[in-house]
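Report on the structure given below.
Within every chain, numbering begins at 1; the chains are lettered A, B, ... in the order of the sequence lines, protein sequences first and strands thereafter. Excluded from the calculations below are hydrogen atoms, water molecules and symmetry mates; all remaining heavy atoms, backbone and side chain alike, are included. What you see is a predicted model; the values in this text were computed from it and never measured.
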Protein chains: 2
Amino acid sequence: MYSPTMRLLTVLELLQSYEEMSGPELARRLEVDVRTVRRYILTLQDMGIPVEAERGPGGAYRLERGRRLPPLLYSDAEAVAITLGLLGIREFHFPVDVAAVEGALAKTERVLPENLLHQVRSLQEAITFNFSRYGSPPPAILDSDFIVTLSSAVHQRQRVYMRYRSFSGEESQRDYDPYGIVFNEGYWYTAGFCHTRQDLRTFRVDRMLALELIDEHFERPADFDVLNHVLTSVAFIPGAQAVEVVLKTSIERAREHIPPIMGTLEESGEDVIFRRTASQLDWIAHVLLGADFPVFVKQPDELRDLLREMAAKALQMAGG
Amino acid sequence: MYSPTMRLLTVLELLQSYEEMSGPELARRLEVDVRTVRRYILTLQDMGIPVEAERGPGGAYRLERGRRLPPLLYSDAEAVAITLGLLGIREFHFPVDVAAVEGALAKTERVLPENLLHQVRSLQEAITFNFSRYGSPPPAILDSDFIVTLSSAVHQRQRVYMRYRSFSGEESQRDYDPYGIVFNEGYWYTAGFCHTRQDLRTFRVDRMLALELIDEHFERPADFDVLNHVLTSVAFIPGAQAVEVVLKTSIERAREHIPPIMGTLEESGEDVIFRRTASQLDWIAHVLLGADFPVFVKQPDELRDLLREMAAKALQMAGG
DNA sequence: GCCAATCAGGACAAGTTTCGCCCTCATTAG
DNA sequence: CTAATGAGGGCGAAACTTGTCCTGATTGGC
């Protein structure tokens with residue numbers, strides 16, 4: 001029961017649980033000489049586990065990150081947490097290598113004590129997740145490499161080359177500066193700057209066909225709100241109508257009311273001009289309708305028509 | 001380098017990676033006698049790790065679940081998966097003991113090789129999650145025990161006693177048969193049968209004050225759609241305005257246009273009635289305006305007024 | 001500057017364990 | 001019945017572990 005192996009593992013466990021522990025303390029806990037503890041440390045190091053030491057009073061051993069993973073000694077509760085996390089990854093289509101998730105799950109569940117397994121199973125059975133917008137198709141199988149690459153590009157501000165199949169099925173390729181990644185209602189999106197279109201764009205990661213890092217760096221606007229941009233884009237679906245609207249208010253109030261991602265705002269005499277391009281005009285119409293200052297549409301005519309239709313419809317609804 | 005401890009861990013690793021492995025095979029891999037392998041197995045068993053064996057041709061050792069967790073030996077990819085899973089738990093307010101999540105994260109991240117840690121950090125930094133409906137308050141801190149207890153009750157069809165603080169702040173207590181648990185837009189819900197109200201009810205788990213299993217069992221309707229029930233209930237937030245609208249179309253087309261999250265649809269003669277409660281009427285107005293079939297508001301008057309205002313505004317915008 | 005606490009590690013002897021090799025037996029699929 | 005597997009006793013040589021002494025190195029605090 002008190003084999004050297006056991007004591008060695010205990011050292012490892014103690015170092016994993018407390019971030020650091022001194023030699024004498026370890027010796028006391030293992031009921032063993034300090035010299036032996038030092039030998040254990042040596043053995044661990046020989047096994048490739050990087051135990052580092054600080055000398056002097058208050059000095060202690062601590063586990064550093066190394067090239068390889070040491071055996072991990074988790075408590076029961078921690079194992080349950082790990083299992084549920086892995087199940088969550090599976091459920092949410094997290095961008096993680098499927099084989100790794102299955103492997104980790106298999107290893108963990110196989111040795112999980114009976115009562116803990118019951119707990120996990122109960123949760124698994126009882127819980128339903130709502131994402132993947134009720135009724136919408138499930139996302140295409142996601143190549144987790146894409147998100148890993150994207151996140152690395154976001155992190156290092158590195159441009160990427162991308163091939164993409166759009167909603168309508170047409171393929172395109174472009175250079176793209178990813179500003180961030182968003183998980184929304186079961187789908188993974190990325191928002192950033194598209195160099196082909198020279199504009200901000202949102203893409204669905206499961207529609208990407210190829211992705212490569214390019215050896216070029218970009219600057220990211222400091223205050224870019226990725227989540228907001230994606231949510232807006234998801235509502236819009238990009239298109240190509242030039243919209244130009246006069247806002248009868250100050251630039252400050254206009255900014256308050258119209259988020260920067262909606263389009264551009266420009267002062268013009270006493271007014272403010274709002275511009276953007278879109279094919280889905282009704283979202284724009286809705287945002288503009290919410291303004292508490294006068295607004296006049298300059299173009300396109302389609303937006304005017306839409307507003308008139310909406311007015312007629314609203315009156316019909318209200319008066320019926 | 002080839003200490004007995006090392007070999008013992010290798011046995012453990014092999015048994016964790018492959019679900020079973022015969023003595024001769026292990027002996028070959030460890031470059032050790034079969035007799036020694038048997039001794040290793042004995043040692044593992046002495047350490048409390050339940051290694052079981054099948055005899056006869058094709059027989060092998062296999063790791064069973066035991067009373068305690070053995071040291072776990074994961075691959076790099078698996079460790080990344082575990083870390084991301086744990087981060088997901090934290091982000092999504094999964095019903096798991098916070099201390100356990102933090103402990104497991106600390107243990108794992110502390111020893112994660114540098115390059116893998118970078119990967120994890122990049123993902124963590126780059127990804128934004130959208131739940132907790134843009135702008136709505138974050139859920140109250142969740143006592144994970146409640147969901148564990150609930151899930152166990154769901155699993156065993158066991159009634160619970162519950163104290164609850166409703167949306168409006170009033171406390172109540174009731175006996176409740178939980179049919180399931182749903183995660184929706186950042187909040188945890190449970191739906192089931194409330195014995196006090198003698199009706200189906202949905203509760204937010206973070207609003208529960210106390211929860212106890214009762215020694216009584218219930219039958220659960222076989223075809224109960226927990227997700228659907230919760231989504232519908234969420235649409236009907238009590239205390240807000242009751243909205244009732246006639247849609248001049250078939251139930252099928254109405255369903256296409258109005259997601260179940262919005263509210264309920266009910267056939268009425270040739271029409272469809274849409275109902276929900278809401279405090280934010282303009283969102284509803286917008287959705288209804290987008291319909292390509294006639295719509296008439298029955299109540300509330302505030303929605304009619306809002307529509308008239310919108311009409312006036314739209315005409316102003318279009319006509320300017 | 002000195003002290004005390006910590007880590008680092010050599011040397012050695014006594015004690016303990018491990019390992020391979022022998023053996024016999026139990027179990028089980030074919 | 002046979003062959004392949006696990007279970008395990010016994011033995012002796014070899015290897016390892018441990019405690020006890022050392023001597024140093026490093027470092028924080030007084």
Side-chain angles (χ1 to χ4, degrees), chain A residues 1-66 70-71 110-111, chain B residues 1-66 70-71 110-111:
Chain A
M1 191 62 196
Y2 281 107
S3 60
T5 299
M6 205 57 179
R7 284 197 290 259
L8 205 57
L9 285 177
T10 309
V11 174
L12 198 55
E13 185 175 6
L14 288 170
L15 290 177
Q16 273 172 31
S17 296
Y18 305 83
E19 358 207 322
E20 62 173 46
M21 190 167 280
S22 73
E25 175 69 10
L26 283 168
R28 201 184 55 71
R29 298 213 185 206
L30 299 176
E31 297 178 312
V32 112
D33 195 87
V34 188
R35 182 68 185 86
T36 303
V37 168
R38 277 202 275 280
R39 280 195 269 249
Y40 286 158
I41 300 291
L42 258 183
T43 309
L44 288 175
Q45 288 169 340
D46 282 351
M47 282 165 54
I49 298 169
V51 184
E52 303 295 329
E54 285 162 20
R55 296 181 167 194
Y61 295 101
R62 72 165 56 232
L63 215 51
E64 299 289 323
R65 66 187 76 261
R110 193 176 313 137
V111 297
Chain B
M1 190 63 195
Y2 281 109
S3 58
T5 301
M6 203 58 178
R7 286 197 288 260
L8 206 55
L9 284 178
T10 308
V11 174
L12 199 54
E13 184 175 8
L14 288 169
L15 289 178
Q16 274 173 30
S17 296
Y18 306 82
E19 13 201 312
E20 62 173 46
M21 190 168 281
S22 74
E25 176 68 10
L26 283 168
R28 201 183 56 71
R29 299 215 186 204
L30 299 176
E31 297 177 315
V32 113
D33 195 87
V34 189
R35 183 65 184 87
T36 303
V37 168
R38 277 203 275 280
R39 281 195 267 248
Y40 287 159
I41 301 291
L42 258 185
T43 309
L44 288 176
Q45 288 170 338
D46 281 352
M47 282 167 52
I49 298 169
V51 185
E52 302 296 327
E54 285 162 20
R55 296 180 167 194
Y61 296 100
R62 73 163 58 231
L63 215 50
E64 300 289 322
R65 68 186 75 261
R110 193 177 312 137
V111 297

Exercise for review: Specify the separation, in whole Å, of atom CG of L42(A) and atom C1' of dC7(C).
Suggested key: 11 Å
Review point. Does a side-chain heavy-atom distance below 4.5 Å link L14(A) with E25(A)?
Key: no
Review point. Checking all strands, does G59(A) fall into the base, sugar-phosphate, or nothing category for heavy-atom contacts under 4.0 angstrom?
Key: sugar-phosphate
Exercise for review: Using whole Å, report how far CG of L26(B) lies from C1' of dG6(D).
Suggested key: 12 Å
Study note, to complete from the structure: Separation of dC16(D) atom P from L8(A) atom CG, nearest Å, is 15 Å
Review point. To the nearest Å, how far apart are E25(B) CD and dG6(D) P?
Key: 11 Å
Revision key, fill the gap. Here the distance between atom C1' of dG6(D) and atom CZ of R62(B), to the nearest Å, is 15 Å
Review point. Whole Å only: how far is the OH atom of Y61(A) from the P atom of dT26(D)?
Key: 15 Å
Point to revise | Spacing between R55(A) atom CZ and dT26(D) atom P, to the nearest angstrom | key: 6 Å
Study note, to complete from the structure: Scoring nucleotides 11-23 of chain C by protein non-hydrogen atoms under 4.0 Å (B base, S sugar-phosphate only, - none) yields B-------BBB--
Exercise for review: Taking the side chain as every heavy atom from C-beta outward, state whether T5(A) and T43(B) have any atom pair closer than 4.5 Å.
Suggested key: no
Point to revise | Rounded distance (Å) that lies between atom C1' of dA29(C) and atom CD of E54(B) | key: 12 Å
Exercise for review: Taking the side chain as every heavy atom from C-beta outward, state whether L9(B) and M47(A) have any atom pair closer than 4.5 Å.
Suggested key: yes
Check your understanding: Heavy-atom distance under 4.5 Å between the side chains of V11(A) and L30(A), does that happen here?
Key -> yes
**Study point:** Check: Y40(B) and L26(B) side chains under 4.5 Å, non-hydrogen atoms
**Key:** no
